[in-house]
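Letters A, B, ... are given to chains in the order of the sequence lines, protein chains preceding strands, and every chain is numbered from 1. These values consider heavy atoms only, across backbone and side chains, with no hydrogens, waters or symmetry-generated copies.
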2 protein chains.
Amino acid sequence: MNKASLPFLHTFVVAAKHLSFTKAAHELFLTQGAVSQQIRQLEQRLGFALFLRYHRSLELTSMGARLALHLRHMFSDLDGLIEELREERDSNIITLSVMPSLATRWLMPRLGRLQERYPGLQLRIQANDREVNFTRDRIDAAIIHSHLHTGSAYTMPLLMDKVFPVCSPAFAEQNQLHEPSDLVRVPLINDDSEWRFFSPYAEWEAWLAKANVKGVRPSRSMSFNRGDLAVQAALSGQGVALGRTPLVMDDIREGRLLKPFDEIYDNGHMYLFACPNEFREREPIQQVLSWLISECQSYAPEEALA
Amino acid sequence: MNKASLPFLHTFVVAAKHLSFTKAAHELFLTQGAVSQQIRQLEQRLGFALFLRYHRSLELTSMGARLALHLRHMFSDLDGLIEELREERDSNIITLSVMPSLATRWLMPRLGRLQERYPGLQLRIQANDREVNFTRDRIDAAIIHSHLHTGSAYTMPLLMDKVFPVCSPAFAEQNQLHEPSDLVRVPLINDDSEWRFFSPYAEWEAWLAKANVKGVRPSRSMSFNRGDLAVQAALSGQGVALGRTPLVMDDIREGRLLKPFDEIYDNGHMYLFACPNEFREREPIQQVLSWLISECQSYAPEEALA
DNA sequence: CTCTTGCATTAGTTTAATTAATCCTAAAAC
DNA sequence: GTTTTAGGATTAATTAAACTAATGCAAGAG
């Protein structure tokens with residue numbers, strides 16, 4: 001295939017539709033001669049005939065017919081995609097990908113304020129555990145859990161992700177939790193949503209090491225594959241869960257959860273806003289981001305967990 | 001989509017591959033400026049950006065990335081099809097579509113002589129009941145069963161298709177079949193491969209009417225959905241089948257089947273060779289056709305059934 | 001601070017497609 | 001049988017477009 005032949009293919013499709021160079025020329029705002037020449041050149045380059053020329057009529061060869069069919073679909077698919085991409089550009093609907101745990105325990109309770117601030121904004125939340133891929137997925141932006149910089153996308157830090165045990169106030173009272181070594185006596189609730197197969201208890205182990213606790217085996221505990229379920233279990237007094245700041249800050253501030261020890265394990269991760277570089281300037285993206293930032297500042301985790 | 005943008009799409013794919021206008025220009029034997037302009041124009045016409053330009057590097061926008069992906073597949077599919085069509089043109093392998101009944105009872109026994117005559121010829125028989133469609137199917141030629149002219153393809157009559165009862169000699173003897181009305185006493189074998197739902201016994205009824213036989217109900221007989229099976233049943237003495245000339249001529253000539261009555265029903269159909277007009281001149285098609293014609297002449301049904 | 005690299009831009013050139021006019025053929029009309 | 005007509009082929013001349021080459025610019029490397 002020669003690149004130069006490409007526009008001729010369009011002419012060919014039109015000619016094949018009409019089975020007439022004259023009519024095709026009219027549709028394409030060309031002269032009959034131009035169409036005739038384009039088709040002739042195309043046939044030369046392809047190496048096979050597309051039309052059978054009769055007295056005053058044309059017929060597609062079987063190759064020509066198959067090529068025309070293919071091209072019709074090709075062009076309409078291409079038009080479809082371009083139309084789709086154009087609509088995307090104009091759309092006010094932002095699709096935001098968020099991890100399910102953060103979505104339920106942090107984003108959802110706050111979404112009302114976003115609507116208050118930007119009533120025209122249409123946000124679609126896509127709760128998803130997969131790592132985001134802006135090329136593959138139809139996503140405008142995401143809140144990701146990662147180190148500072150990730151790939152080529154634009155990122156903006158939102159929330160520090162620190163890790164520490166939490167439980168319900170009643171549970172702490174009942175089990176006399178005063179110092180980390182008291183954990184030996186109680187059920188530990190684990191969140192294995194990340195690194196599930198490689199090292200499901202890594203965070204507990206890291207925290208226990210930091211707190212210098214020996215002899216506690218997190219593996220005897222109950223385990224959930226979603227962070228919010230682990231918190232939920234702690235809330236209902238099932239045991240001690242390892243909370244991450246954003247997932248438990250509201251509950252701690254409002255007294256439903258308790259942070260019985262001071263030790264904090266900082267895994268170096270954070271929650272980041274991310275979007276393709278070229279989306280950074282889009283108004284609805286800016287609105288979402290500026291709202292997220294103000295939301296994170298006014299309810300800073302440090303404050304809540306002091 | 002503008003027709004004029006089409007060649008630019010190719011440039012875009014190459015530029016997206018290299019993420020460099022300079023390298024793309026090199027691959028395309030153009031200057032860097034030409035690529036730059038093409039991409040700019042393309043972006044204008046599409047209405048959205050394809051690349052993010054940085055200091056000394058490019059990045060695809062998410063729209064650009066999706067478009068590039070689509071186009072890569074599109075071009076490779078197109079190349080694939082064109083390659084396929086070219087191979088077809090050069091190929092010596094002829095695919096001939098034939099109805100299964102004619103294939104087994106007429107064509108197969110003769111194919112040896114074709115190989116003798118044209119040892120280099122490669123023939124692929126595609127036994128198929130569907131009506132052929134040279135645009136849809138990958139078929140070079142066909143033997144069809146029809147009236148004289150059919151559509152726009154090139155056709156050449158091969159064999160008259162006349163219809164008359166046949167049975168094995170032993171069966172005729174046993175059942176004393178002398179005149180058509182004797183059929184009242186014996187099982188009739190039906191071939192409902194055509195018109196199965198509309199009027200499965202049409203041909204028997206037509207023949208019986210022609211022979212002026214009353215009171216014979218073909219519907220009580222056994223029925224096959226393939227003409228060759230009906231003949232096979234007659235050969236093995238199951239009853240009287242309605243033979244069509246080409247399917248039974250060999251068996252009659254060699255005494256395995258008998259034509260007990262003189263009446264013949266001519267349904268106006270015939271077996272025709274058919275191929276797309278543009279294939280008429282291809283050497284292997286000519287060989288097949290000339291062999292078919294000579295085969296039909298040297299073993300003319302009239303002769304065999306005199 | 002200078003050099004290099006790579007994209008953008010522009011005016012000018014070159015290439016290629018398009019037109020317009022004519023030719024040709026076969027079918028339809030007369 | 002002759003004429004007319006319709007539609008594709010062909011050609012030289014025109015026009016439009018793409019491309020080049022040169023320059024500018026900005027950022028990162030040395």
J.: If only side-chain N and O atoms count, and only distance matters, is there a donor-acceptor pair under 3.5 Å linking B:Arg45 with B:Gln41?
T.: yes
J.: Rounded to the Å, how far apart are B:Ile39 CD1 and C:dT9 P?
T.: 14 Å
J.: Please give, in whole Å, the distance from C:dG6 P to B:Phe51 CZ?
T.: 15 Å
J.: Grab the CG-P distance between A:Leu42 and C:dA16 for me, whole Å please.
T.: 16 Å
J.: Nearest 0.5 Å, please: how far is CZ in A:Arg138 from OG in A:Ser97?
T.: 14.5 Å
J.: Figure out the CD/P separation between B:Gln38 and C:dC7, and round it to whole Å.
T.: 15 Å
J.: Can you tell whether the side chains of B:Glu43 and B:Arg40 come within less than 4.0 Å, N to carboxylate O?
T.: no
J.: What is the distance, rounded to the nearest whole Å, between atom CZ of A:Arg45 and atom C1' of C:dA17?
T.: 10 Å
J.: Establish, from distance only, whether the side-chain atoms of A:Gln287 and A:Glu283 form a donor-acceptor pair under 3.5 Å.
T.: yes
J.: Please state how far atom NE2 in B:His18 lies from atom C1' in C:dT5, giving the value in whole angstrom units.
T.: 17 Å
J.: I need the CD-C1' distance between B:Gln44 and C:dA8, as an integer number of Å.
T.: 13 Å
J.: Under 4.0 angstrom, heavy atoms only, what part of the nucleic acid is B:Phe29 near: base, sugar-phosphate, or nothing?
T.: sugar-phosphate
J.: Please identify each residue that fulfils side-chain hydrogen bond (donor to acceptor under 3.5 Å, both in side chains) with B:Glu203, with sequence neighbours left out.
T.: B:Arg244, B:Asn267
J.: To the nearest Å, how far apart are B:Leu6 CG and D:dA17 P?
T.: 15 Å
J.: The criterion is salt bridge (charged side-chain N to carboxylate O under 4.0 Å, His left out); which residues satisfy it with A:Glu278, sequence neighbours excluded?
T.: none
J.: What does the list of N/O pairs under 3.5 Å between the protein and nucleotides 6-9 of chain D look like, with a distance for each?
T.:
{"from": "D:dA6", "atom 1": "O4'", "to": "A:Arg56", "atom 2": "NH1", "distance (Å)": "2.4"}
{"from": "D:dG8", "atom 1": "OP1", "to": "A:Phe21", "atom 2": "N", "distance (Å)": "3.1"}
{"from": "D:dG8", "atom 1": "OP2", "to": "A:Thr22", "atom 2": "N", "distance (Å)": "3.1"}
{"from": "D:dG8", "atom 1": "OP2", "to": "A:Thr22", "atom 2": "OG1", "distance (Å)": "2.4"}
{"from": "D:dA9", "atom 1": "OP1", "to": "A:Arg53", "atom 2": "NE", "distance (Å)": "2.5"}
{"from": "D:dA9", "atom 1": "OP2", "to": "A:Ser36", "atom 2": "OG", "distance (Å)": "2.8"}
{"from": "D:dA9", "atom 1": "N7", "to": "A:Gln32", "atom 2": "OE1", "distance (Å)": "3.1"}
{"from": "D:dA9", "atom 1": "N6", "to": "A:Gln32", "atom 2": "NE2", "distance (Å)": "3.2"}

J.: Salt bridge check, B:Arg66 against A:Glu88: does any charged N sit closer than 4.0 Å to a carboxylate O?
T.: yes
J.: Roughly how bent is the helix from C:dC1-D:dG30 to C:dC30-D:dG1 end to end, in steps of 10 degrees, with each end axis from five pairs?
T.: 20°
J.: Just jot down the ring pair (Phe, Tyr, Trp, His ring centres under 6.0 Å) partners of B:Phe279, sequence neighbours excluded, or say none.
T.: none
J.: Among all residues two or more places apart in sequence or in another chain, which pass the side-chain hydrogen bond (donor to acceptor under 3.5 Å, both in side chains) test with B:Asp137?
T.: B:Arg130
